[in-house]
Enquirer: 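Mind having a look at this structure? Questions to follow.
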Amino acid sequence: MMKTTVTALLAGLIFGLGLLLSGMANPEKVLGFLDIAGAWDPSLALVMAGAIAVSLPAFQLFKGRKESLLKETLQLPTNTHIDRRLVIGGLMFGIGWGLAGFCPGPAIVASGAGLEKALIFTLAMLAGMGIFRLGAHKMIPARG
């Protein structure tokens with residue numbers, strides 16, 4: 001348990017540091033990347049390509065395994081069906097990202113730095129997660 005907690009803490013710190021160094025925790029940088037029709041800043045595309053280059057071999061390595069190197073149960077997604085909930089959720093995520101310049105990880109990192117916009121985003125995100133847990137997801141049928 002201790003090994004898992006320390007590993008999770010280190011992974012979170014490395015992830016947060018990566019978000020800070022890449023500019024993903026800076027909403028102006030993210031909005032510049034999303035502004036394809038304006039003054040587009042393509043530098044975050046390299047961040048995404050780097051993330052894929054690092055994670056793809058790891059996913060291939062652990063594909064089909066039932067537990068991690070630390071003997072924790074792996075819970076990789078298995079559903080490949082694209083349904084209404086996924087599309088609506090993806091649209092809401094993208095609209096929120098485009099409006100605020102934050103997605104969840106960078107918002108938490110920027111909140112830790114005391115950025116007011118990030119704190120507001122994080123509180124709104126937590127409220128949305130709470131509403132979802134209370135059953136709002138049942139209002140959108142997966143099919144039909």
Side-chain angles (χ1 to χ4, degrees), residues 1-138 140 142:
M1 180 69 173
M2 184 65 169
K3 214 185 262 188
T4 301
T5 303
V6 170
T7 303
L9 177 65
L10 288 175
L13 289 172
I14 291 169
F15 180 65
L17 184 62
L19 292 173
L20 285 172
L21 292 175
S22 67
M24 290 288 291
N26 178 354
E28 303 306 321
K29 182 91 171 163
V30 172
L31 292 174
F33 174 71
L34 296 174
D35 188 12
I36 296 173
W40 186 48
D41 176 4
S43 62
L44 290 184
L46 293 174
V47 174
M48 291 183 193
I52 291 170
V54 169
S55 61
L56 188 60
F59 273 100
Q60 293 302 316
L61 181 66
F62 285 94
K63 194 174 181 180
R65 292 184 67 165
K66 301 225 182 281
E67 60 183 27
S68 71
L69 295 175
L70 297 175
K71 306 297 181 201
E72 296 288 330
T73 303
L74 283 176
Q75 297 177 3
L76 298 176
T78 57
N79 185 5
T80 58
H81 183 73
I82 298 173
D83 60 15
R84 185 180 293 181
R85 286 184 189 169
L86 179 65
V87 171
I88 291 173
L91 286 171
M92 291 176 67
F93 180 89
I95 290 168
W97 193 33
L99 288 174
F102 290 113
C103 63
I108 292 169
V109 170
S111 291
L115 188 62
E116 185 179 333
K117 286 173 60 176
L119 287 168
I120 293 169
F121 180 92
T122 301
L123 290 174
M125 177 180 69
L126 292 173
M129 292 168 70
I131 291 169
F132 181 83
R133 277 199 167 236
L134 290 174
H137 62 288
K138 293 176 185 168
I140 303 170

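Hydrogens, waters and symmetry mates are skipped; everything else that's a heavy atom, side chains included, is used. Throughout, residue positions are numbered sequentially from 1 according to the sequence presented.
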Enquirer: Which heavy atom of T4 sits nearest to which heavy atom of E72, and what is that distance?
Expert: OG1-OE2, 3.0 Å
Enquirer: The criterion is salt bridge (charged side-chain N to carboxylate O under 4.0 Å, His left out); which residues satisfy it with D35, sequence neighbours excluded?
Expert: none
Enquirer: Of the non-hydrogen atoms in I82 and V87, which two are nearest, and what is the gap between them?
Expert: CG2-CG2, 3.8 Å
Enquirer: Please name the pair of heavy atoms, one in A107 and one in T122, separated by the smallest distance, quoted to 0.1 Å.
Expert: O-OG1, 3.5 Å
Enquirer: Return the set of residues passing salt bridge (charged side-chain N to carboxylate O under 4.0 Å, His left out) with K63 (not counting sequence neighbours), or none when no residue passes.
Expert: none
Enquirer: With sequence neighbours left out, what residues match S43 under side chain to side chain donor-acceptor pair (under 3.5 Å)?
Expert: K29, D41
Enquirer: How many angstroms lie between OG1 in T7 and CE in M2, if you round to the nearest 0.5 Å?
Expert: 10.0 Å
Enquirer: Atom CE of residue position M48 - does it have more than 12 heavy atoms of other residues, nucleotides or ligands inside 6.0 Å?
Expert: yes
Enquirer: Looking at residues at least two apart in the chain, or sitting in another chain, which of them share a salt bridge (charged side-chain N to carboxylate O under 4.0 Å, His left out) with E67?
Expert: K71
Enquirer: Name the atoms and distances for all side-chain donor-acceptor pairs under 3.5 Å in residues 8-25, with sequence neighbours left out.
Expert:
| from | atom 1 | to | atom 2 | distance (Å) |
| --- | --- | --- | --- | --- |
| S22 | OG | G18 | O | 2.9 |
| S22 | OG | L19 | O | 3.2 |
| S22 | OG | M24 | N | 3.4 |

Enquirer: In Å, rounded to the nearest 0.5 Å, how long is the span from CG of L91 to CG of L86?
Expert: 9.5 Å
Enquirer: Which heavy atom of F33 sits nearest to which heavy atom of W40, and what is that distance?
Expert: O-NE1, 2.6 Å
Enquirer: Show me the pairs that pass ring-ring contact (aromatic ring centres under 6.0 Å, His included) and involve residues 101-122, at least two apart or across chains.
Expert: F102-F121
Enquirer: As an exercise, state the distance from CG of L44 to CG of N26, rounded to the nearest 0.5 Å.
Expert: 9.0 Å
Enquirer: Using modelled atom types and a 3.5 Å cut-off, is there a donor and acceptor pairing between side-chain atoms of S68 and backbone atoms of L74?
Expert: no
Enquirer: Quick check: closest heavy atoms across L31 and W97, and the distance to 0.1 Å?
Expert: CD2-O, 4.1 Å
Enquirer: Can you tell me how far OG of S111 sits from NZ of K117, rounded to the nearest 0.5 angstrom?
Expert: 12.0 Å
